[in-house]
Number of protein chains: 2
Amino acid sequence: MLTITTIKDLAKYLNISVSTVSRALNNHHDVNQTTRENVLQAVEKLNYRPNSVARSLIHKKTYTIGLMVPDIADPFFSSIAVGVEQTLSNNGYQVIYGNTSRDSLKEKQFLESILDRKVDGVILTPNILDQESISTLEKLEIPRVLLRRRTPALLDIPFIDVDHYGGACKAINHLISKGHTNIGFLGMASDSFTSNERLRGYLDTMKKHQLKVSARNQKTAGRTIESGSFAMEALYRESPDITAVFASNDLIGIGALEWLKMEQINVPEQMAVIGFDNLEMSELYSFQLTTIAQPRKQMGQLAAELLLRIINEEENKDSIILETNLIERKTC
Amino acid sequence: MLTITTIKDLAKYLNISVSTVSRALNNHHDVNQTTRENVLQAVEKLNYRPNSVARSLIHKKTYTIGLMVPDIADPFFSSIAVGVEQTLSNNGYQVIYGNTSRDSLKEKQFLESILDRKVDGVILTPNILDQESISTLEKLEIPRVLLRRRTPALLDIPFIDVDHYGGACKAINHLISKGHTNIGFLGMASDSFTSNERLRGYLDTMKKHQLKVSARNQKTAGRTIESGSFAMEALYRESPDITAVFASNDLIGIGALEWLKMEQINVPEQMAVIGFDNLEMSELYSFQLTTIAQPRKQMGQLAAELLLRIINEEENKDSIILETNLIERKTC
DNA sequence: CTGAAAGCGCTTACAG
DNA sequence: CTGAAAGCGCTTACAG
């Protein structure tokens, strides 16, 4: 197969100047119709494709964006990644993705590396917004949006997130409406913003209804289903009087369900469970977990759209907080 | 914060030539020790970082690779993506990922787009190797490896895959060793190479043991758990005499389990089930699916390593077929 | 409408 | 050890 790789060779082949070829290729109006057609034909015939690295250097635009996530194998983030990629590729952008495994060194390396590559923007879910990562983010001089993390007051970075607090309130209100008064909480890591917001919703709603909360009704799980089982066990052992639990995410909720099933504790009769996230697996017959849904794929799309707006300097660069939805199934 | 963005400005600041700065930056030995230190200090002070787009243009090397997957939200591919990203980023490469949604137009667009961007290599899982995609692949003149797809004889592209046929044989042998003689098969789409290989293992092993196979003992599911439930139902309705089923992947197997649970058909007493993949969720207490494990993350790593070997023109660019592992749990 | 020249931000022979 | 020049593959004023 014939292939020509530079505009120079193409120009030579056509016996015209490089500038004319370039103009024809870029749809400039001031090119003779015949010339343009000749160029286009030659492009076809010789399989010429412009080198976009060279183009990027001139235009100072790479049409790539960076996507930094803690773990693409986490179904939460993989759905988001689908939304991001879809929106971006539809707009001619490509996505460089980095898994940080929640390691701040990897976060830093990924950021440096994409900055060197001159990405046009970046969508990030930093693990924890500590002082160091805040200062790193502040130094970022390119368009950026935060995914699933609120901007600390001092920073002016737009974000896409879900109303964790409001969602938690919905969950607890639902439990209360079912007659529960003694409700436990299964949290994620205590340094997690998300978890803390959901905890706050739990606490406030309980108090609003004058229901008792206590430290022993609150347990911390981790990032796995298994950790949810352990946390449920710990909670149940210490507070066997609770009749319902709010799991701060579905993975933990499913873990709780698993342990309850093992112990033959009936759900929802003996123990009601409500989750948060609405993962695909939560709707399986084996779980049918009542949960608070957040639109994951849409979050990815919105983040990409917001970033695009910032890149194109359009109006409306405001953060977006999405509403959650109660999905009632069989566990409460 | 002071920031200087070009080597030219840096040279001006230091009152030396651009070439010397470049040499100092790139650790050439023929630079005066003091000069080098001055440069490095200035780099630090002025936060200078070389533009890697410009570097790429000269070196004809971008240190990026393309990863094309059907669907990153499929747990199978997200695990692979983790392995790929990890290995590649450890070697200074970044990964541009594309979700094709099994759409051949998107496959084509993604490939064109990364080729224009001059990626150094590409790891692909094309959906179906039909004539057109084969010809597209043949035209690919950069290092490439196929993931989870065998190269058709006519093509000389290395691949990483698992021994689907052998794994299926293991599955059926296991079922037979448990005394089953009437075994059904739940397949994926009939144009799927993977599914057909697993079917072949089923068929051959059945025949080897002189066991009867028939079209009505074979049903086709889709890509979802739900489709597995439907296929299980169809199979059971038509062939209620079977005592075991080989689900060609875990998603289908879990779907089958779900339907059996709904119908209160005991597993494994009334119906044994074995899957293929060993997804994380298969080990949950609610499923405990016996299955054939394939090392997903490792496949990603191996694919990345193989690609790196090809890029660096090292020895040993052979395809790798990985062995599977029987994971015995509670469903047969 | 077309071409020559300069330049994007770098690197690398080459000469000194 | 250092600098000037050419060049990677393009684009874009500028002049004609």
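Keep in mind that this is a model prediction, so the values were computed, not measured. Order of the sequence lines sets the chain letters (A, B, ...), proteins ahead of strands, with each chain counted from 1.
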Undergrad: With sequence neighbours excluded, what pairs up with A:Thr87 under the side-chain hydrogen bond (donor to acceptor under 3.5 Å, both in side chains) test?
TA: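 Scan of A:Thr87 (side-chain hydrogen bond (donor to acceptor under 3.5 Å, both in side chains), adjacent residues dropped) gives none.
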Undergrad: Once each nucleotide of nucleotides 11-16 of chain D is scored for protein heavy atoms under 4.0 Å, what B/S/- sequence comes out, 5' to 3'?
TA: BBB---
Undergrad: For a quick test of reading the model: is some side-chain N or O of A:Lys118 closer than 4.0 Å to OP1 or OP2 of C:dC8?
TA: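 Indeed not, no polar side-chain atom of A:Lys118 lies that close.
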Undergrad: Does OP1 or OP2 of C:dG7 have a side-chain N or O of B:Lys8 closer than 4.0 Å?
TA: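 It does not, given that no N or O in the side chain of B:Lys8 lies less than 4.0 Å from OP1 or OP2 of C:dG7.
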Undergrad: For D:dC10 and A:Ser52 - does any side-chain N or O of the residue sit under 4.0 Å from the phosphate oxygens OP1/OP2?
TA: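 Negative; the distance criterion is not met.
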Undergrad: Would you be so kind as to tabulate the donor-acceptor pairs closer than 3.5 Å made by side chains of residues 298-305 of chain B, with sequence neighbours excluded?
TA:
none

Undergrad: So what does the secondary structure string of DNA chain D come out as, 5' to 3', with Watson-Crick or wobble pairs under 3.5 angstrom, [ ] for crossing and | for pairs with another strand?
TA: |||.||||||||.|||
Undergrad: With under 30° as parallel and over 60° as perpendicular, where do the rings of B:Phe193 and B:His164 fit, or are they tilted in between?
TA: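 The rings of B:Phe193 and B:His164 stand perpendicular, inter-plane angle above 60°.
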Undergrad: Considering only residues two or more places apart or on different chains, which pairs with a residue in residues 51-74 of chain A satisfy salt bridge (Lys or Arg N to Asp or Glu O under 4.0 Å)?
TA: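 Found A:Lys61-A:Asp120.
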Undergrad: Scan side-chain atoms only and decide if B:Ser89 and A:Lys106 contain a donor-acceptor pair under the 3.5 Å cut-off.
TA: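 Judged by distance alone, the side chains do pair up.
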Undergrad: Angle between ring planes, A:Tyr63 versus A:Tyr93, binned at 30° and 60°: parallel, tilted or perpendicular?
TA: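 Plane angle between 30° and 60°, so tilted.
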Undergrad: Ignoring backbone atoms, establish whether A:Tyr48 has a side-chain N or O less than 4.0 Å from OP1 or OP2 of D:dC10.
TA: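 Yes, A:Tyr48 has a side-chain N/O under 4.0 Å of OP1/OP2 on D:dC10.
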Undergrad: By side chain to side chain contact (heavy atoms under 4.5 Å, CB included), which residues pair with B:Val18, not counting sequence neighbours?
TA: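 B:Val18 satisfies side chain to side chain contact (heavy atoms under 4.5 Å, CB included) with B:Ile7, B:Lys8, B:Ala11 only.
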Undergrad: Looking at A:Arg49 and B:Asp116, does any basic side-chain N land under 4.0 Å from a carboxylate oxygen?
TA: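 A salt bridge links A:Arg49 with B:Asp116.
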